[in-house]
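What follows is a short report on a single structure.
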2 protein chains.
Amino acid sequence: MARSSLTRDEVLDAAASLVKQRGPAALTMRGLAAALGTAVTSIYWHVGNRESLLDALVERTVQEMGAISPVGRTPAERIESVARILRRELRERPHLIAMVHERGLTERMFLPAQQALVHEVHAAGLRGARAADAVRAVQFQIVGFLLVERNRERSPAQSPAESELWDPAAAPDDPALARALARPADPERLFLLSVRALVTALLTAPPQGARTGP
Amino acid sequence: MARSSLTRDEVLDAAASLVKQRGPAALTMRGLAAALGTAVTSIYWHVGNRESLLDALVERTVQEMGAISPVGRTPAERIESVARILRRELRERPHLIAMVHERGLTERMFLPAQQALVHEVHAAGLRGARAADAVRAVQFQIVGFLLVERNRERSPAQSPAESELWDPAAAPDDPALARALARPADPERLFLLSVRALVTALLTAPPQGARTGP
DNA sequence: ACCTGAACACCGTTCAAGT
DNA sequence: ACCTGAACACCGTTCAAGT
């Protein structure tokens with residue numbers, strides 16, 4: 001039986017729930033129609049085609065990523081809190097984030113966070129081009145880390161596992177290092193450690209980064 | 001007309017060239033068969049199915065990413081050179097790298113680089129768990145940055161461009177910052193700047209990163 | 001051992017036709 | 001304005017049949 005009235009929002013809701021539960025590949029026009037109890041072609045009337053449907057879904061996700069409210073006393077602490085907030089929000093929508101990324105909208109999704117970062121970097125005393133570099137470096141690091149982390153979680157056990165590499169000659173005189181690398185990484189700890197290290201360096205380094213030695 | 005003898009390697013070569021030129025989506029079994037001048041079903045005999053074909057392709061890419069030979073005088077310089085080398089290699093195979101990533105093998109592809117990083121971090125005097133953290137932090141940063149960078153290149157102009165955001169009230173008292181953020185980022189420069197900053201901090205920071213203020 | 005065409009069950013999309 | 005089924009051109013994959 002035909003439904004009385006199908007709205008664009010209903011279509012988007014159903015599509016979002018499909019993607020959230022079973023990933024973007026599970027979102028087929030026919031499957032979506034079945035879930036909605038309509039003919040496939042009705043969907044086309046409301047959203048155009050599959051591509052625009054995904055666009056609309058992504059657009060929604062971008063909107064949902066609201067403003068960022070940093071917490072902490074120092075700029076470094078507040079930047080770290082921005083990173084923490086972003087990580088939490090992204091981990092709640094893994095599939096949708098992947099779609100945002102695939103569609104090249106990652107940058108756009110991060111505009112609110114970028115504004116927060118600008119404010120904090122400014123508060124830390126950085127100005128002009130150097131402040132812009134710091135903002136972008138942190139932004140790239142956060143996004144990049146989360147992409148890598150997501151990838152790790154999805155991937156099955158790596159074929160020649162790290163353990164295989166880390167008993168023999170690779171780290172000859174540091175068994176503790178070998179053991180640490182054989183263990184799985186703790187992503188949250190590594191994330192915060194990385195952000196903290198980068199931020200520390202960016203907020204204290206000289207304008208022109210010519211100093212590389214210890 | 002049927003070909004005299006089709007080999008698995010020929011199939012992989014043709015598939016790799018298709019992917020390299022026109023992306024993974026352009027790799028259809030039928031299209032591949034046409035490019036090879038065989039029946040579709042012959043391909044199945046040699047590589048099983050599309051999934052295993054992609055696996056084999058990815059496996060090849062992983063193998064091609066050879067050993068890393070760092071250059072430079074200080075450990076920091078040599079780590080930076082590892083980053084530079086990886087960036088160059090990955091940028092030569094954008095599609096294949098994306099496939100490696102999608103298949104969750106990024107980590108595995110980076111094992112040679114990881115070994116090089118271990119060596120340099122050790123040379124810088126770091127030991128045990130702290131050395132492992134440093135290696136992983138740098139590794140995540142490099143991979144993450146390259147994923148984000150690739151995404152930026154592919155993406156069309158972002159809808160509300162950064163310029164739209166960066167003339168009004170966002171950076172009220174730093175027009176130079178606003179101008180810098182309105183300009184497109186120089187990825188190579190940003191990449192090296194980020195790696196340098198992170199490495200500097202990791203090689204000099206105290207064991208427990210409790211210090212976050214300036 | 002290797003290759004083939006026919007056939008199956010899926011896709012996304014279009015279109016003329018309904019109300 | 002909204003919904004429908006039929007049809008088209010694509011997929012990946014299987015299978016019985018060839019040599």
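Reminder, nothing fancy here: chain letters follow the sequence lines and each chain counts from 1.
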Sugar-phosphate only, base, or nothing, as touched by S42(B) at under 4.0 Å among non-hydrogen atoms: base
Interatomic distance, L32(B) CG vs dC10(D) P [rounded to whole Å]: 17 Å
Any residue meeting side chain to side chain donor-acceptor pair (under 3.5 Å) with E89(B), in chain and number order, not counting sequence neighbours: none
Separation of dC11(D) P from I43(B) CD1 (nearest whole Å): 12 Å
Comparing A39(A) and R30(B) on DNA chain D - which has the more 5′ nearest nucleotide: A39(A)
Considering all heavy atoms, the nearest L6(A)-S42(A) contact: CD2-CB, 4.2 Å
Length of the OH-C1' vector between Y44(B) and dG5(C), whole Å: 14 Å
Proximity to the side chain of M29(A) - top-ranked nucleotide from dA6(D), dG12(C), dA1(C): dG12(C)
Watson-Crick or G-U stems of DNA chain C, 3 or more pairs, under 3.5 Å, by first number: C:4-8 with D:12-16, C:12-16 with D:4-8
Within 6.0 Å of NE2 in H122(A), more than 12 heavy atoms from elsewhere: yes
Any side-chain donor near an acceptor of the partner, S52(A) and N49(A), under 3.5 Å: yes
Phosphate-side-chain proximity, H46(B) and dA1(C), N/O vs OP1/OP2 below 4.0 Å: no
Contacts of E120(A) that satisfy side chain to side chain donor-acceptor pair (under 3.5 Å) - sequence neighbours left out: R78(A)
Given DNA chain D, 5'-ward residue of the pair L27(B) and W45(A), judged by closest heavy atom: W45(A)
Closest heavy-atom pair and its distance - H95(A), P24(A): ND1-CD, 3.9 Å
Proximity to the side chain of T38(A) - top-ranked nucleotide from dT13(C), dC11(C), dT4(D): dT4(D)
T41(A) side-chain proximity, nearest of dA1(D), dG12(C), dT4(D): dT4(D)
Out of dT13(D), dC3(C), dG12(C), whichever nucleotide has its closest atom nearest the side chain of R50(A): dG12(C)
Gap separating the CZ atom of F191(A) from the CZ atom of R84(A), nearest 0.5 angstrom: 9.0 Å
